[in-house]
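Naming: A, B, ... by sequence-line order, numbering from 1 per chain.
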There are 2 protein chains.
Amino acid sequence: MGISKTEIFTDEQNRLAVLFKALAHPARIAILQRIIIANTCICGDLVGELGLAQATISQHLKELKSAGIIQGTIEGVSVCYCIDPEAWKLMERYFSEFMASYKPTPSCC
Amino acid sequence: MGISKTEIFTDEQNRLAVLFKALAHPARIAILQRIIIANTCICGDLVGELGLAQATISQHLKELKSAGIIQGTIEGVSVCYCIDPEAWKLMERYFSEFMASYKPTPSCC
DNA sequence: ATAATCAATCGTAATATTACGATGTAATGG
DNA sequence: CCATTACATCGTAATATTACGATTGATTAT
């Protein structure tokens with residue numbers, strides 16, 4: 001086995017899991033924080049700033065991109081990455097809705 | 001390789017990644033939603049409601065517990081799980097702070 | 001005490017992730 | 001055109017995750 005049974009879950013559950021998974025690595029958190037601070041970000045800069053190989057950074061960027069969180073545009077010989085504003089807004093809404101669905105109650109085990 | 005280099009990242013980055021990772025599976029989202037709706041939740045119920053084996057559910061519960069998100073107390077012959085209110089509040093704050101750290105700007109690639 | 005029940009853990013197979021060197025590819029500069 | 005630069009992709013090794021049957025451990029019921 002080892003393969004998640006996504007078909008038995010709702011679209012909402014799968015969608016949330018995909019987004020959380022994209023953020024489930026410190027390198028990807030660091031990359032996003034870097035992009036947020038600098039507004040836009042050249043891939044090469046990340047290689048210097050985080051202590052990871054170029055191939056590894058590229059792989060993490062690909063995951064963030066395939067989750068739809070960031071977008072990259074070719075800028076001459078380099079690639080400029082930035083947050084996808086719409087996707088971020090949507091993600092923020094999904095997360096806050098999920099988090100807000102729990103209301104603490106006195107009767108807990 | 002295959003082992004994350006957590007030592008090169010900040011505590012904040014690692015802490016966020018651990019929390020996101022705990023939520024990075026649809027079964028764990030489903031379990032949490034179930035616990036939230038029912039307020040508290042017996043492990044056996046989950047086995048019936050989700051289409052997963054008892055061992056699998058137990059493993060997912062363990063991950064949620066080790067991330068500190070839920071807590072379980074022995075209730076006779078079964079175990080009653082519920083959200084850890086303090087942990088949830090903290091997680092909510094971490095997530096919203098992280099999400100809010102991005103402010104969309106007009107100048108994007 | 002014995003049986004029954006519930007949940008945790010063990011063992012294991014299938015698959016996914018992580019990391020990096022090496023190689024490929026596309027654009028700029030000479 | 002050829003070299004350089006920047007990034008992506010390939011290949012691969014180490015490790016982690018996912019799922020489940022089987023077993024164990026603990027608690028209640030008889």
Side-chain angles (χ1 to χ4, degrees), chain A residues 1-9 13-14 17-31 34-35 40-67 70-82 109, chain B residues 1-9 13-14 17-31 34-35 40-67 70-82 109:
Chain A
M1 333 234 142
I3 189 164
S4 297
K5 301 174 107 183
T6 56
E7 71 279 3
I8 65 171
F9 302 106
Q13 286 159 351
N14 284 313
V18 164
L19 288 173
F20 283 131
K21 194 169 193 174
L23 304 180
H25 195 286
R28 293 196 287 273
I29 299 286
I31 288 172
R34 213 67 212 148
I35 295 181
T40 122
C41 188
I42 299 299
C43 163
D45 297 349
L46 294 166
V47 178
E49 284 158 10
L50 314 185
L52 292 170
Q54 184 263 322
T56 308
I57 298 284
S58 192
Q59 212 170 277
H60 283 305
L61 285 168
K62 189 182 177 184
E63 281 177 68
L64 287 169
K65 207 163 99 182
S66 78
I70 62 172
Q71 56 195 183
T73 50
I74 299 165
E75 194 105 330
V77 76
S78 13
V79 174
C80 171
Y81 283 100
C82 69
C109 34
Chain B
M1 328 232 148
I3 188 165
S4 297
K5 299 175 105 183
T6 56
E7 69 281 4
I8 66 171
F9 302 106
Q13 287 159 350
N14 283 314
V18 164
L19 289 173
F20 283 130
K21 194 169 193 172
L23 304 180
H25 194 287
R28 292 195 289 273
I29 300 286
I31 288 171
R34 212 69 212 147
I35 295 180
T40 120
C41 187
I42 299 300
C43 164
D45 297 348
L46 293 166
V47 178
E49 283 158 10
L50 314 185
L52 292 170
Q54 184 263 322
T56 308
I57 298 285
S58 191
Q59 213 170 276
H60 283 304
L61 284 169
K62 190 182 176 184
E63 281 176 68
L64 287 169
K65 206 163 101 181
S66 77
I70 61 172
Q71 57 195 183
T73 50
I74 300 164
E75 195 104 329
V77 77
S78 13
V79 173
C80 170
Y81 283 99
C82 67
C109 31

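Distance, Leu52(B) CG to dA8(C) C1': 17 Å, rounded to whole Å. Leu64(B) places its CG atom 16 Å from the P atom of dA7(C), with the value rounded to the nearest Å. Protein atom CG of Asp45(A) is 16 Å distant from nucleotide atom P of dT5(D), rounded to whole Å. For the pair Leu46(B) CG and dA7(C) C1', the interatomic distance rounds to 12 Å; values are reported in whole Å. Rounded to whole Å, atom P of dA19(D) lies 4 Å from atom NE2 of His60(B). Rounding to whole angstrom units, CZ of residue Phe9(A) and P of dA19(D) are separated by 6 Å. The interatomic distance linking Ile57(B) (CD1) with dT9(C) (C1') rounds to 16 Å, in whole Å. Rounded to an integer number of Å, the gap from CG of Leu61(A) to C1' of dT18(C) is 15 Å.
Rounding to the nearest 0.5 angstrom, the gap separating the CG atom in Leu23(A) from the CD1 atom in Ile31(A) is 11.5 Å. Between atom CD1 of residue Ile74(A) and atom SG of residue Cys80(A) there is a gap of 11.5 Å, rounded to the nearest 0.5 Å. To the nearest 0.5 Å, atom OG1 of residue Thr73(B) and atom CD of residue Gln71(B) are 7.5 Å apart.
At least one side-chain heavy atom of Tyr81(B) sits less than 4.5 Å from a side-chain heavy atom of Lys65(B). Ile35(B) is listed as a side-chain neighbour of Ile70(B), based on a closest heavy-atom distance under 4.5 Å.
Backbone-only engagement by Ser78(A) is indicated by non-hydrogen atom pairs under 4.0 Å involving sugar-phosphate atoms exclusively. Residue contacts for Ser58(B): at a heavy-atom cut-off of 4.0 Å it reaches a base atom on one of the strands shown.
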Tabulate below the donor-acceptor pairs under 3.5 Å that side-chain atoms of residues 45-63 of chain B make, not counting sequence neighbours, or state none.
| unit_1 | atom_1 | unit_2 | atom_2 | d |
| --- | --- | --- | --- | --- |
| Glu49(B) | OE1 | Arg34(B) | NE | 2.5 |
| His60(B) | ND1 | Arg28(B) | NH1 | 3.0 |
| Glu63(B) | OE1 | Arg28(B) | NH1 | 3.1 |

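The terminal axes of the helix from dA1(C)-dT30(D) to dG30(C)-dC1(D), fitted over 5 pairs per end, subtend an angle of 20° to the nearest 10°.
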Take Leu19(B) and Phe20(A), measure what side-chain contact (heavy atoms from CB on, under 4.5 Å) needs, and give me the verdict at the end.
CA-CA 9 Å; Leu19(B) 289 173; Phe20(A) 283 131; over 6 Å; no
For nucleotides 10-17 of chain D, just jot down a letter per nucleotide in 5' to 3' order: B, S or -, based on protein non-hydrogen atoms under 4.0 Å.
---BBS-S
Scan nucleotides 23-29 of chain D nucleotide by nucleotide, 5' to 3', and note B when protein non-hydrogen atoms come under 4.0 Å of the base, S if they reach only the sugar-phosphate, - if neither.
----BS-
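The phosphate of dA6(D) (OP1 or OP2) has no side-chain N or O of Tyr81(A) nearer than 4.0 angstrom.
Considering every non-hydrogen atom in both Gln13(A) and Phe9(A), the closest pair reads OE1-CB, 3.4 Å.
Looking at which nucleotide of DNA chain C each of Cys43(B) and Ser4(B) is closest to, the 5′-most match is held by Cys43(B).
Contacts of Thr6(A) classified as side-chain contact (heavy atoms from CB on, under 4.5 Å), with partners at least two apart in sequence or in another chain: Ser4(A), Asn14(A).
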